[in-house]
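Just so it is clear: chains get the letters A, B, ... in the order the sequence lines come, proteins before strands, and each one is counted from 1.
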Number of protein chains: 4
Amino acid sequence: MITQTDAPEQASGRPRDGRIDEAVLRATAELLVEVGYADLTWAKVASRAGTTRPALYRRWPSLAHLVHEAAFPQSLTAPFPRTGDPATDVRTMVAGALGAFAHPVARAAAPGLVAAVTADPTLHSALLARFSEALGGIEQPLLDLIAGAALFALLLHPGDLDAEPTRTAWTDRITALLTEGVTA
Amino acid sequence: MITQTDAPEQASGRPRDGRIDEAVLRATAELLVEVGYADLTWAKVASRAGTTRPALYRRWPSLAHLVHEAAFPQSLTAPFPRTGDPATDVRTMVAGALGAFAHPVARAAAPGLVAAVTADPTLHSALLARFSEALGGIEQPLLDLIAGAALFALLLHPGDLDAEPTRTAWTDRITALLTEGVTA
Amino acid sequence: MITQTDAPEQASGRPRDGRIDEAVLRATAELLVEVGYADLTWAKVASRAGTTRPALYRRWPSLAHLVHEAAFPQSLTAPFPRTGDPATDVRTMVAGALGAFAHPVARAAAPGLVAAVTADPTLHSALLARFSEALGGIEQPLLDLIAGAALFALLLHPGDLDAEPTRTAWTDRITALLTEGVTA
Amino acid sequence: MITQTDAPEQASGRPRDGRIDEAVLRATAELLVEVGYADLTWAKVASRAGTTRPALYRRWPSLAHLVHEAAFPQSLTAPFPRTGDPATDVRTMVAGALGAFAHPVARAAAPGLVAAVTADPTLHSALLARFSEALGGIEQPLLDLIAGAALFALLLHPGDLDAEPTRTAWTDRITALLTEGVTA
DNA sequence: CGGTAAACGAGACGGTACGTCTAGTCTTCCT
DNA sequence: AGGAAGACTAGACGTACCGTCTCGTTTACCG
């Protein structure tokens, strides 16, 4: 939850209504899939969640922050078990990255978030924090390759990653390239 | 040049003023660097180019189309010479991808274009056409890895790719991973 | 007509749509009577006139300016004929002031305009200009007495000036006080 | 004091803090002069008085009620001594009306109250009650003339009533008109 | 002396209006 | 016909206020 004030802090004043937070996140996820990031507005989210725009402004500093929280809940950002075998672990990571980005909500959100992250340092930090747990211990260039490939593929030829024969083929080929290199 | 009507079109009536096209592309490139994609508007471009919004609408179907043309002129999308040696060619491609994305204008434009591409099929086609020449003959998964890694790295830790010791180090490591695999 | 630019100025660009001006003034007058000054908003006026808020902002610098123009059209602010006989002329002026302020639209607008005038010098000037023609040649204190009495009476005991026996009685008494003084 | 419930009310529960009432009235008077009626808000008053908005809502039903109480304390609404001589008494009343409206706080409050009175019957009653004592026994048309003239003059040409030669001149002329009539 | 009731501060609640901005289109005159 | 200028509809933006509410706490009176 991205609150203006991060500390749990002894609540003074009327407490936030937690049901609003839930309803808004749910509405955001639904709308991302239905209308896409580009046509997502504060007003639509507020209306769908049964609340008003000011209540959203109180909670999230920008639409992108809200989207980022709605698209990548904790369940998707849990760390994965590692075996120690490079080939196995790389395949797990590739499949994991693909799975995270291929989720309908994340997929609708990702391109817009990519653009927003470059323009907003606070969003950059929020995203890093959200994924740091899942990705601890992986060297940066390898992470760039795996996450970048999944993201790029979904942007440029999403059809290949939707249906099954080609999806596994792509995962296999990426894994092979990363474990054995192009020379093989 | 992306015109509403692609045919060479028999010029009837007053011909377009070519100097406007140039001035607009120059203005767009400058503004991308100065204010960023998110704050780029038709009005700012028109004002900087010394013309009016309707003249721009006559030429480009959307801001993204204009940006894509301003950010990736032909000079950046030329094919590269190949040696046949995998290691050498991979390094050339990695460096090329990094170079293309690291150019200040492209860098400002890329994230926004990524978002726009997913929402506009005509822009998707235009981008593919623009890069198809340079990238002919490369297998898709390898392209995903190289371009994706460059894009992703620029989004997440741009500092590493700006200055020199780390930039070459990153290029080296990516090349090594792609030619020899993680096992090495 | 209160335009941002008062000069008739050789129109460059698309000219204003005069039908919008008319529709807005009509809508404003109607709404003043129906909902009152306090509940009059740009949005309601625009909606009733079949146009949008930006079209109004282009024409009037504030709601009060629009109201002032809608409530006191030229027809109400024409100069009156004078006979030279003090008693007759004073009665004409008293009845005229009462008539101008008692008109349903003016009556709904007046109290709000009174408040707005003190806070906005440009509105002050606009109001003076609008009435200067009708009231030329009358000494200031006499004008204060006549207009002030009509305004004050409408604010404090409007019932007396609505129906007929009392309305004429009030006009007679005011005229008598001003022509003969309290001593009579 | 305008309380929600007028009865002296059997005090059960924690009693009101009288210091808050004083601080609020003082803060309101100051703010009226500093920012004007139009920009006066509950929040500014509460903040200046060192309290919170709910404490104000508990005491006054509307901002206008609070303003009316802050701008016209009892000291200003005391009855005046009458001599029986019309000329003298009229002059006293004119000067009194001018004095009451010319006080900086009253002056800032009056135009806004004029507007609020027409929209709120309870405020209308409250104002009448406040002034009834001072003005008992004066015929309504004469009161309209005197109070109306003072109010109107302050709205339209306030400069004339601020400095001294013109202020006395205005008072003299109004008195003359009311005692002898225009014919003189 | 404990219970009750209403005050207190703090701040979120649903609403509504504001004034501005942008997109995309259209209309006018001029070249 | 294209260009320059500027108005058009439509609607999102972020902010400000309103009047109400929900807390946790404090202060009086009452039994």
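Using a 4.0 Å cut-off between charged nitrogen and carboxylate oxygen, A:Arg48 and A:Glu34 count as a salt-bridge pair.
C:Lys44 has its NZ atom 10 Å from the P atom of E:dT16, to the nearest Å. Atom pair A:Ile20:CD1 and F:dC21:P shows a separation of 16 Å (rounding to whole Å applied). As a whole-Å value, the separation of C:Arg19 CZ from E:dT27 P is 10 Å. Per the geometry, CG belonging to C:Leu63 stands 14 Å off C1' belonging to E:dT16, to the nearest Å. To the nearest angstrom, P of F:dA16 lies 13 Å from CZ of A:Arg58. Here E:dT22 presents its P atom at 16 Å from CG of B:Leu66, a figure rounded to the nearest Å. Summarising the geometry, the separation between CG on A:Asp39 and C1' on E:dA23 is reported as 12 Å, rounded to the nearest angstrom. Between the NE2 atom of D:His65 and the C1' atom of F:dG19 there is a distance of 15 Å, given to the nearest Å.
Residue C:Thr28 holds its OG1 atom at 8.0 Å from CG of C:Leu63, rounded to the nearest 0.5 Å. For the atom pair CZ of B:Arg58 and CD1 of B:Ile20, the computed distance is 8.0 Å after rounding to the nearest 0.5 Å.
Distances shorter than 4.0 Å separate none of the side-chain N or O atoms of C:Arg14 from OP1 or OP2 on F:dA5. Residue B:Arg59 has a polar side-chain atom (N or O) positioned under 4.0 Å from OP1 or OP2 of F:dG3. Of the side-chain N and O atoms in B:Trp42, none sit less than 4.0 angstrom from OP1 or OP2 of E:dT22. Residue C:Thr51 places none of its side-chain N or O atoms closer than 4.0 Å to OP1 or OP2 of F:dC8.
As judged by a 4.0 angstrom heavy-atom cut-off over every strand, C:Leu56 is placed among residues making no nucleic acid contact.
Taking the side chain as every heavy atom from C-beta outward, D:Arg107 and C:Thr118 never approach each other to under 4.5 Å. In this structure, B:Pro61 and B:Thr122 have side chains that are not in contact, with every pair of non-hydrogen atoms separated by 4.5 Å or more.
Remark on DNA chain F: of its neighbouring residues A:Pro54 and A:Thr41, the 5'-side contact belongs to A:Thr41, judged by nearest-heavy-atom nucleotide. Of the two residues contacting DNA chain E, namely C:Ala43 and A:Ala55, the nearest-nucleotide position lying further toward the 5' end is that of A:Ala55. Mapping B:Thr52 and A:Arg53 onto DNA chain F by nearest heavy atom places B:Thr52 closer to the 5' end of the strand.
Picking from E:dA7, F:dC8, F:dA4 the nucleotide with the shortest atom distance to the side chain of C:Asp17 gives F:dC8.
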